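Since the structure comes first, as structure tokens, the remarks are kept for the end.
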Number of protein chains: 2
Amino acid sequence: MKLTTKGRYAVTAMLDLALHGDQGPVSLAEISTRQEISLSYLEQLFSKLRKNDLVTSTRGPGGGYSVSRELSLVAVSDIISAVNESVDATQCAGRENCHSHGRCLTHDLWEGLSVQIEEFLSSVSLQDMIDKQRVQNVSVVRESMLVQVRHA
Amino acid sequence: MKLTTKGRYAVTAMLDLALHGDQGPVSLAEISTRQEISLSYLEQLFSKLRKNDLVTSTRGPGGGYSVSRELSLVAVSDIISAVNESVDATQCAGRENCHSHGRCLTHDLWEGLSVQIEEFLSSVSLQDMIDKQRVQNVSVVRESMLVQVRHA
DNA sequence: CTCTTAACCCACTAAAACAGTCAAGTATTT
DNA sequence: AAATACTTGACTGTTTTAGTGGGTTAAGAG
């Protein structure tokens, strides 16, 4: 899981789509002006989003893109991994040349954290974000996670 | 919060330091061979880690780096933001040119998620990762977070 | 039928970030 | 004094980002 501005753009665009898509498809031009992302860049991103079945396209006048599934079924991690197409080639993972046990241990620790991040982003859907309109009470969530992590 | 291989390298190196630092400082050369990260790249990373007071350096023979605080006080987010020096210049944030309410809303939604990611990574310390040796029961954590997010 | 709209597709590019190299220094210990 | 090892900075090749430009295809409106 890689987290860069590219993923941010994709998530922002998908949120725009989710918010404005209740009356038919939304054109990239609209998203471009609203979110201040260049049209051509959006085309690149939506090409990947379409290939990953996150959006469907409608051609012609009045056309545009629509979210292909229920908003609650589109996770943030889906969007990010769609545009990042991460092969996740961890150079050491499960290779036989990993004889030094110390190295594997450190790698495992990091991998474990990566899984947690992945799982976290999988647990947040577009619907979740819209329902709340704004993330509240973060400290409560934090404390809860802290406990979970400590006792896991 | 940006999450790339650079941050991964930094976290891995800090974990190595935490695991091997119980008997005095650890040289970058050791970390380089154990973790298969180029020495020069480590130098760059540790320069930033030192400037952010995450590690202290000891010069001379037998010297190296040590974690500067208690392991439980070093969060993963500290390490990542130290090497990424993210200025986080969100082009729109709180500017007066943000007249279109739709745009701000989308940005706010994304910002909210960013905060959650940040908080999540802040809640995991080096000590946490070492205590567990391996992240277990991720699904339990996931379910818990899911509930938290939904009801936040 | 034709014109417009908007997706689709491709090649290309400037700038930044990433990952690593090299070399000349400085501080500390033996 | 010499060896060790951190410090600093300049430099390089590659990949990713973000954006341009041009053309093609599908669908609707007149």
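Letters A, B, ... mirror the listed sequences (proteins, then strands); counts begin at 1. On a predicted model such as this, the values are computed, not experimentally measured, just so you know. Only heavy atoms go into these numbers, but all of them, side chains included; no hydrogens, no water, no symmetry mates.
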Chain A footprint on DNA chain D, 5' to 3' - any atom under 4.0 Å from a heavy atom = D:dT17 to D:dG28
key: Phosphate-side-chain proximity, A:Ser57 and C:dA6, N/O vs OP1/OP2 below 4.0 Å   = no
request  = Give the rounded distance in Å between these two atoms: OH of A:Tyr9 and P of C:dA16.
outcome  = 13 Å
query = Do side-chain atoms of B:Ser32 reach the backbone of B:Leu28 as a donor and acceptor pair under 3.5 angstrom?
reply = no
message = Would you compute the distance between atom CD of B:Gln35 and atom CG of B:Leu17 and round it to the nearest 0.5 angstrom?
response = 10.5 Å
ask   = Got a sec, which residues hit salt bridge (charged side-chain N to carboxylate O under 4.0 Å, His left out) with A:Glu30, two or more places apart in sequence or on another chain?
value = A:Arg34
task = Rounded off to whole Å, could you give me the OH-to-C1' distance for the B:Tyr41 and C:dG20 pair?
result = 9 Å
key: Distance-only donor-acceptor check, side chains B:Ser114 and B:Trp110, under 3.5 Å   = yes
query = Counting only N and O atoms by type, is there a donor-acceptor contact under 3.5 Å from the side chain of B:Ser81 to the main-chain atoms of B:Ser77?
reply = yes
note = To the nearest angstrom, the CD-C1' distance between B:Glu43 and C:dT26 comes to 13 Å
request  = Tell me whether the OP1 or OP2 atom of C:dC18 has a side-chain N or O from B:Thr4 closer than 4.0 Å.
outcome  = yes
ask   = Ignoring hydrogens and geometry, is there a side-chain-to-backbone donor-acceptor pair from B:Asp16 to B:Ile31 under 3.5 Å?
value = no
ask   = Going by heavy atoms closer than 4.0 Å, what residues in residues 44-52 of chain A are next to DNA chain D?
value = A:Gln44
note = B:Ile31 atom CD1 is separated from C:dG20 atom P, nearest whole Å, by 15 Å
task = Would you mind telling me which residue lines up with the more 5' stretch of DNA chain D, B:Leu28 or A:Pro61, judged by nearest nucleotide?
result = B:Leu28
query = NA contact type, B:Ser40, heavy-atom cut-off 4.0 Å: base, sugar-phosphate, or nothing?
reply = base
ask   = What are the two closest non-hydrogen atoms of B:Asp53 and B:Ser68, and how far apart are they?
value = O-OG, 2.6 Å
ask   = Taking atom CG of A:Leu15 and atom CG of A:Leu126, what is their separation to the nearest 0.5 Å?
value = 5.5 Å
request  = For A:Leu39, answer base if it contacts any base atom (sugar-phosphate contacts may also be present), sugar-phosphate if it contacts only those atoms, and nothing otherwise; contact means non-hydrogen atoms under 4.0 Å.
outcome  = nothing
query = Would you say B:Asp128's side chain and B:Ser125's backbone share a donor-acceptor pair under 3.5 angstrom?
reply = yes
